[in-house]
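These notes concern the structure reproduced below.
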Amino acid sequence: MAIVETLPVGPLQCNMVIIADPVTLEAVLIDPGGDADQIIQLIDSRGFKIKQIIITHGHVDHILAAPEIEKHTGAPVYYNANDRNLWLSISLQCLFLGVQAPKKCPPPKNNLEDGDILQVRNGRVIHTPGHTQGSLCFYFEADKLVCTGDTLFMSGVGRTDLPGGNMQQLMQSLHEKVMTLPDDTRVIPGHGPETTIGDEKSSNPFLNLS
Ligand SMILES: [Zn+2]
């Protein structure tokens, strides 16, 4: 099984996740949303070799520390380019959140599409638009684990009232993609506690409306 480390970081306590191969310690790092020093400390103390920095979506609370983590690890940043405009509006997003904007945080050069395979643990990219147009989930089948960003939470779903949000699309992404994963799949959401697909299937009020 993969080594899985989570750390709530940044202004909205986004769940930063590191998923590492237990033998090689090669790892992907998901959503460096802030607190770069803490993330770097975790990487270095465990000896993780970060191969890819992967972003669930372009909201600032998921990307604030991306430039520093990229610089420290040398790993490239990947995202879905449908969130390019969000990324370009990072200063505005910081203004709304009341946090200081990073000096430099250009959109990543590397695009991830639905079905792409990550460099660690054969993780698979699932494009789940709705919370934002470029929202991604990362599924690690052999490890029975999915990182859902702000698409699915314990007993909740992502908000769709921000620019790029679309409730109908979010529901379609959830019903046709995320909720078709096996019930015993561990879910690490973008914020808050972990859950499983099965638990959300039976008790998430937003998924059981109809
Ligand atoms: Zn978000």
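Counting convention: from 1, in listed order, for ligands and their atoms alike. No hydrogens, no waters, no symmetry mates; every other heavy atom, side chains included, goes into these values.
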| N/O/S atom name from H59 that is nearest to the position of the Zn ion (ligand 1) |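 Closest N, O or S atom of H59 to the Zn ion (ligand 1): ND1.
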
| query | Among D83, T132, D150, which residue meets the side chain to side chain donor-acceptor pair (under 3.5 Å) test with H57? | reply |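 One option only clears the test, and that one is D150.
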
| query | Quick check: does D150 put an N/O/S atom under 2.8 Å from the Zn ion (ligand 1)? | reply |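 It does: D150 brings an N, O or S atom closer than 2.8 Å to the Zn ion (ligand 1).
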
| said: When you measure from the Zn ion (ligand 1) to the N, O or S atoms of H57, does any of those distances fall below 2.8 Å? | reply: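 True for H57.
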
| message | I'd like to know whether NZ of K144 has more than 12 heavy-atom contacts from other residues, nucleotides or ligands below 6.0 angstrom. | response |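 Check fails, neighbour count at 12 or below.
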
| Would you say the side-chain atoms of T6 and N15 include a donor-acceptor pair closer than 3.5 Å? |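 Short answer, no.
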
| task | Would you indicate whether the side-chain heavy atoms of C105 and E70 approach each other to under 4.5 Å? | result |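 Contact flag for E70/C105 side chains = no.
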
